[in-house]
Amino acid sequence: MAKPRVATASLCGCFGCHMSLLDIDDRILQLVELVDFDRCPIDDIKEITGPVDIGLIEGGCCNEENVKVLQEFRRHCKVLVSVGDCAINGGVPALRNLVPLRECYEEAYLRGPSVDNPSGRIPDDEEIPLLLDRVVPCHEVVRIDHFLPGCPPSADTLWAALTALLAGRAPELPYELVKYD
Amino acid sequence: MTNATITLTVDGRQIETRPGQTILEATEAAGVYVPRLCWMKGLLPFGSCRVCTVRVNGRPQAACTQPVAPGMVIENDTEELRALRRDLIDMLFVEGNHFCMFCEKSGNCELQALAYRFGIAAPGYPFLFPQRALDASHPGIFLDRNRCVLCARCVRASRELDGKTVFGFAGRGAGRRIAVNGEDLAHTDAEATDRAVAACPTGSLLVKRIGYAVPVGRRRYDQEPIGSDIEPAAAGR
């Protein structure tokens, strides 16, 4: 029987949740026995290649590309998991929701103390994904099946949840593994 | 009357209480935890958060304000009330800006601890991301209204314990907010040692220059759910 396929992506996150996944130490050897990875920043596959059993999403949605990737994951993943506070509530990037988008752009490209931009233009190349007016958690964009809070969720949290999902169970975590920080 | 006891029933179990106690005090003395947020030992009850809602003879009541009476039949740990309390905590999270990941209060925060106890992995309501003012003017105290749940513990503690009136409310409805008795916090008689500052259940009032003093894993609610100190160790939840 083919191994279950796992895909992961970091949307508007800091890759900390992926680092936490690598932090499972030698259990990573068990993991490669248990699953095959599809699209994932660790194997550098850029697009999902086929049906996926478990999708792990780090980060919320701050731009149109995040939304497209998230929708792609929802289309292909039987089970989709929001991993970490950014996916669940926007996290640190959502601090910009308290500032108008124009002010964010002007601070980043025009007024910031380290900005050197003689043209005085805000970049608008079509290659650059357009920012959403605010950062939104993943479950406000697509249906999400499970949530693993934490900044990041600990390696033990990720391992407990992954092994439960691979066994066909919902991840029911003990008290000390559910944290918002 | 002073030696009289009152018998009431909590989730099918009979407990003995004294006249003059509230339901919250009586159940706590009997080792039953009724979740609460705006209530604080030593302050007059306020009854604003409704997290301690129980059913008394079928009617919803705030356990922190309702005195005991003979023969009361109280429901506390029921699916309906757990769902109600969970929803209240859920709403407090989406109505404010609670960035737990960098909050100095994280791990010691009662709002967060209630969410942990209720098993909230993600909110059920859309985030509002409201605009709230913060006040860093005071040399020793930081006031961040983004994290305020309007429990009035600082308002009451300032008045009842500190003998001051540093904090109060301004505005109504969704515009209600904590106000200070001066142009800003620096222009009040607030001190970092005030009981009002320590009374805050969230990170809305913090003493400056303490930071993340207790390491992760050793903070108040890292290992044991809020309320564990009230429930006998063997009691399952």
Side-chain angles (χ1 to χ4, degrees), chain A residues 13-14 16-17 20 57 59-61 80-101 103 132-141 143-154 156-157 160-161 170-181, chain B residues 89-90 92-134 144-147 202-203 212 214-228 231 236-237:
Chain A
C14 70
C17 297
S20 195
I57 296 288
C61 291
L80 195 57
V81 186
S82 268
V83 178
D85 289 345
C86 297
I88 291 172
N89 57 39
V92 170
L95 276 171
R96 83 149 156 96
N97 293 357
L98 308 176
V99 180
L101 185 57
E103 278 181 42
L132 305 180
D133 62 339
R134 65 184 211 176
V135 179
V136 291
C138 293
H139 64 268
E140 292 186 16
V141 178
R143 179 173 56 79
I144 298 288
D145 302 296
H146 301 288
F147 300 89
L148 300 176
C151 189
S154 70
D156 288 340
T157 304
E172 283 185 13
L173 300 171
Y175 177 84
E176 62 276 11
L177 289 188
V178 179
K179 293 286 172 283
Y180 298 168
D181 59 8
Chain B
I89 297 300
D90 227 351
L92 288 175
F93 267 94
V94 299
E95 283 171 11
N97 297 307
H98 297 279
F99 292 89
C100 293
M101 66 291 295
F102 59 77
C103 180
E104 293 175 27
K105 192 78 170 206
S106 189
N108 299 309
C109 169
E110 291 178 37
L111 178 70
Q112 186 191 60
L114 285 165
Y116 288 169
R117 182 175 170 118
F118 299 155
I120 299 177
Y125 298 99
F127 285 95
L128 297 184
F129 295 112
Q131 292 286 337
R132 302 259 190 93
L134 52 83
D144 187 349
R145 293 183 182 82
N146 289 292
R147 303 165 179 168
T202 72
Y212 310 92
V214 181
V216 172
R218 303 223 308 259
R219 299 167 306 179
R220 189 156 178 205
Y221 303 115
D222 278 339
Q223 308 295 333
E224 294 291 328
I226 190 170
S228 301
E231 297 163 315
R237 281 187 295 113

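First the proteins, then the strands, lettered A, B, ... as listed; each starts at 1. Bear in mind the structure is a predicted one, so any value in this text is a computation, not a measurement.
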**Q** I need the residue from A:Val99, A:Val178, A:Leu95, A:Leu173 with the largest number of non-hydrogen atom pairs under 4.5 Å to chain B.
**A**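 Highest number of heavy-atom pairs under 4.5 Å: A:Leu95.
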**Q** What part of A:Ala87 gets within 4.5 angstrom of chain B, counting heavy atoms only: side chain, backbone, both, or neither?
**A**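 Looking at A:Ala87, nothing touches chain B.
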**Q** Is A:Pro137 close to chain B through its backbone or its side chain, or both, or neither, when contacts mean heavy atoms under 4.5 Å?
**A**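 For A:Pro137, the side chain is the part near chain B, not the backbone.
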**Q** The criterion is side-chain hydrogen bond (donor to acceptor under 3.5 Å, both in side chains); which residues satisfy it with B:Tyr125, sequence neighbours excluded?
**A**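 side-chain hydrogen bond (donor to acceptor under 3.5 Å, both in side chains) check on B:Tyr125 returns B:Asp87.
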**Q** Do NZ/NE/NH1/NH2 and the carboxylate oxygens of B:Lys105 and B:Asp144 come within less than 4.0 Å?
**A**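 No, B:Lys105 and B:Asp144 are not salt-bridged.
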**Q** Treating B:Arg117 as the side-chain partner and B:Pro225 as the backbone partner, does any N or O pair qualify as donor plus acceptor under 3.5 Å?
**A**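 Answer holds: no.
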**Q** Which bit of B:Phe99 is near chain A, if near means a heavy-atom gap under 4.5 Å: side chain, backbone, both or neither?
**A**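 The side chain, not the backbone.
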**Q** Measure distances from B:Phe93 to the heavy atoms of chain A and classify the residue's part below 4.5 Å as side chain, backbone, both or neither.
**A**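 Side chain of B:Phe93 only, per the 4.5 Å heavy-atom cut-off to chain A.
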**Q** Which region of A:Val92, side chain (C-beta onward) or backbone (N, CA, C, O), has a non-hydrogen atom less than 4.5 Å from a non-hydrogen atom of chain B, or is it both or neither?
**A**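 Both parts, heavy atoms under 4.5 Å.
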**Q** Is it the backbone or the side chain of A:His139 that comes under 4.5 Å from a heavy atom of chain B, or both, or neither?
**A**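 For A:His139, the side chain is the part near chain B, not the backbone.
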**Q** Using the side-chain hydrogen bond (donor to acceptor under 3.5 Å, both in side chains) rule, collect all pairs that involve residues 83-100 of chain A, keeping only residues at least two apart or in two chains.
**A**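 Counting only pairs at least two positions apart or across chains, no side-chain hydrogen bond (donor to acceptor under 3.5 Å, both in side chains) contact touches residues 83-100 of chain A.
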**Q** Using atom types as modelled and distance alone, determine if a side-chain donor or acceptor of A:Glu176 lies under 3.5 Å from a backbone N or O of B:Asp222.
**A**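 Side chain of A:Glu176 to backbone of B:Asp222: no pair is present.
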**Q** Tell me, side chain or backbone of A:Ile144 under 4.5 Å from chain B's heavy atoms, or both, or neither?
**A**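 For A:Ile144, there is no contact with chain B at all, as no heavy atom is under 4.5 Å.
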**Q** Please indicate whether B:Arg220 has more than 12 foreign heavy atoms, meaning atoms of other residues, nucleotides or ligands, lying under 6.0 Å from its CZ.
**A**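 No.
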